*Asks:* 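Before we start, here is the structure in question, set down as structure tokens.
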Amino acid sequence: MAIISYLLGSISFSIIFTKKFNKVDIRSMGSGNAGATNVLRSVGTKAAIFTFIFDFAKGAVSVIIGKEIFGFICTMTGASPIIAQYGAYIAGVACVIGHIYPVYFDFKGGKGVLTSAAMIALIDWRVFLIVISVFIILFLTTRIVSLSSMSAAASFPVATFLITYFIDYRNADASAGPVTLTYVWVTSAIALIMAFTIIYEHRANIERIKNGTEKKLTINHKS
Ligand code: G3P
């Protein structure tokens, strides 16, 4: 399941769409990032929308596969349904790793923001609501996508802990099934590692933010 999700995540749609339709390698343009933001900035709206949809979809599909497979095992073995959530995390993380280090594209992919967002949305909409709110607030105030992404990433472990511990763990009727302390710690730790990874992937952006050279989002209207 993890291998399938990794291979799915490795399909870097920004590289595929911009190569096919614009005959360019997005990794040698703009910020050099293989992601929807850079496509929007360097290529155009159409390619960016397609990249956005497909990069989001691969994260969502991976999580659904993980949830379904682990959910099936839970039903067969009588295990707690919360175990299915672990399946979702494993598949989601594998997909994000594939997006950042794609096996088909010399292991040079994106920063994992959108694919992680899809993973979070499919795993827990409450955490997603917090993370996306942080992103939107930062973006509306700064217009810098990288800063918004990093702030949203930083809020991911905090939101995961607050929701799983203070709401789910103390509520025996949680929709995902009875939540254990192990689940709280494991999922918060995964979220923390993902946040660090995403921020680390933005190291060039951090340098530019420090130098005052990080660009606000502009849209290439040519195509
Ligand atoms: O999702 C990536 C975004 O946070 C930054 O993209 O192209 O500005 O490096 P970019």
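Just so it is clear, the structure is predicted and the values come from calculations on it, not from any experiment.
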*Asks:* Cut-off 3.5 Å, no hydrogens considered: what does the side-chain donor-acceptor table look like for residues 87-94, sequence neighbours left out?
*Replies:*
none

*Asks:* For G35 and S14, which heavy atoms make the closest approach, and how far apart are they?
*Replies:* N-OG, 3.6 Å
*Asks:* Report yes or no: do I53 and I26 belong to one cluster of Ile/Leu/Val/Met/Phe/Trp/Tyr joined by side chain heavy-atom distances under 4.5 Å?
*Replies:*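 Linked, I53 and I26 end up in one cluster.
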*Asks:* With sequence neighbours left out, what residues match E207 under salt bridge (Lys or Arg N to Asp or Glu O under 4.0 Å)?
*Replies:*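 Partners of E207 under the salt bridge (Lys or Arg N to Asp or Glu O under 4.0 Å) test: K210.
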*Asks:* Closest approach of A47 and V43, non-hydrogen atoms and distance?
*Replies:* CB-CG1, 4.1 Å
*Asks:* Measure the CD1-CG distance between I130 and D124 for me, rounded to the nearest 0.5 Å.
*Replies:*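 I130 CD1 to D124 CG: 8.5 Å, rounded to 0.5 Å.
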*Asks:* For side chain to side chain contact (heavy atoms under 4.5 Å, CB included), just list the numbers for I73 and I83, CA-CA rounded to whole Å, side-chain angles, deciding distance to a tenth of an Å, and then say yes or no.
*Replies:* CA-CA 9 Å; I73 294 170; I83 300 290; over 6 Å; no
*Asks:* Taking N33 for the side chain and N38 for the main chain, is one N or O donor matched with an acceptor at less than 3.5 Å?
*Replies:*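 Here the side-chain-to-backbone pair does not exist.
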*Asks:* Going by heavy atoms in the side chains, are M150 and I209 under 4.5 Å from each other?
*Replies:* yes
*Asks:* When the side chains of residues 96-110 are checked against the rest of the protein, which donor-acceptor pairs come out under 3.5 Å, sequence neighbours left out?
*Replies:*
| from | atom 1 | to | atom 2 | distance (Å) |
| --- | --- | --- | --- | --- |
| H99 | ND1 | K58 | NZ | 2.9 |
| Y101 | OH | E201 | OE2 | 3.1 |
| Y104 | OH | L7 | O | 3.2 |

*Asks:* State yes or no: do F128 and I123 share one hydrophobic cluster built from I, L, V, M, F, W and Y residues joined by side-chain heavy-atom distances below 4.5 Å, directly or via other members?
*Replies:* yes
*Asks:* Please indicate whether I4 has more than 12 foreign heavy atoms, meaning atoms of other residues, nucleotides or ligands, lying under 6.0 Å from its CD1.
*Replies:*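 12 or below, so no.
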*Asks:* Under the salt bridge (Lys or Arg N to Asp or Glu O under 4.0 Å) rule, collect the residues that match up with K23, sequence neighbours excluded.
*Replies:*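 Salt bridge (Lys or Arg N to Asp or Glu O under 4.0 Å) list for K23, sorted by chain: empty.
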*Asks:* Heavy-atom distance under 4.5 Å between the side chains of C95 and M119, does that happen here?
*Replies:*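 Answer no - side chains too far apart.
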*Asks:* CD1/I120 to OG1/T115 distance, rounded to the nearest 0.5 angstrom?
*Replies:*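 I120 CD1 to T115 OG1: 11.0 Å, rounded to 0.5 Å.
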*Asks:* Show the nearest heavy-atom pair for residues L40 and T45, with the distance to one decimal.
*Replies:*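 Scanning both residues completely, I find the closest heavy atoms to be CD1-CA, 3.9 Å.
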*Asks:* Any chance you could measure S149, atom OG, to I198, atom CD1, to the nearest 0.5 Å?
*Replies:* 8.0 Å
*Asks:* If I take atom CD1 from residue I69 and atom OG from residue S5, how far apart are they, to the nearest 0.5 angstrom?
*Replies:* 7.5 Å
*Asks:* Between atom OG1 of T197 and atom CG of L192, what is the distance when rounded to the nearest 0.5 Å?
*Replies:* 9.5 Å
*Asks:* So do V179 and Y165 actually touch side chain to side chain, heavy atoms under 4.5 Å?
*Replies:*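 The answer is no; the side chains never approach within 4.5 Å.
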*Asks:* Using the side-chain hydrogen bond (donor to acceptor under 3.5 Å, both in side chains) definition, which of the options R208, E214, K111 pairs with S146?
*Replies:* E214
*Asks:* Can R170 be said to sit on top of F166's aromatic six-ring, NZ or CZ under 6.0 Å from centre and within 45° of the ring axis?
*Replies:*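 Here R170 fails the 6.0 Å and 45° test against F166.
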*Asks:* Same hydrophobic cluster for L147 and I132, using side-chain heavy-atom links shorter than 4.5 Å among ILVMFWY?
*Replies:* no
*Asks:* Out of curiosity, I16 CD1 to K20 NZ, how far, rounded to the nearest 0.5 Å?
*Replies:* 10.5 Å
*Asks:* Check the hydrophobic clustering (I, L, V, M, F, W, Y; side-chain heavy atoms under 4.5 Å; chains of links allowed) and say if Y6 and I15 are grouped together.
*Replies:*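 As far as the 4.5 Å side-chain criterion goes, I15 and Y6 are connected within one cluster.
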*Asks:* Could you point out which residue of F54, F52, F50, F21 forms a ring pair (Phe, Tyr, Trp, His ring centres under 6.0 Å) with F13?
*Replies:* F54
*Asks:* Apply side-chain hydrogen bond (donor to acceptor under 3.5 Å, both in side chains) to the pair D55 and T51, showing each step before the final yes or no.
*Replies:* CA-CA 6 Å; D55 274 354; T51 301; 5.8 Å; no
*Asks:* State, with a plain yes or no, whether a side-chain heavy atom of Y183 is found less than 4.5 Å away from one of Y86.
*Replies:*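 Sidechains of Y86 and Y183: in contact.
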*Asks:* Please output the side-chain donor-acceptor pairs of residues 137-145 that fall under 3.5 Å, not counting sequence neighbours, one pair per line with the distance.
*Replies:*
| from | atom 1 | to | atom 2 | distance (Å) |
| --- | --- | --- | --- | --- |
| T141 | OG1 | I137 | O | 2.8 |
| T141 | OG1 | L138 | O | 3.0 |
| T142 | OG1 | L138 | O | 2.8 |
| T142 | OG1 | I144 | N | 3.1 |

*Asks:* Any side-chain donor paired with an acceptor under 3.5 Å for T18 and N22?
*Replies:*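 Per modelled atom types, T18 and N22 side chains form no pair under 3.5 Å.
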*Asks:* Going hydrophobic residue to hydrophobic residue with side-chain gaps under 4.5 angstrom, can you get from M1 over to F72?
*Replies:* no
*Asks:* With a 3.5 Å cut-off and sequence neighbours excluded, list the donor-acceptor pairs that the side chains of residues 153-163 form with protein atoms.
*Replies:*
| from | atom 1 | to | atom 2 | distance (Å) |
| --- | --- | --- | --- | --- |
| S155 | OG | A152 | O | 2.7 |
| T160 | OG1 | F156 | O | 2.7 |

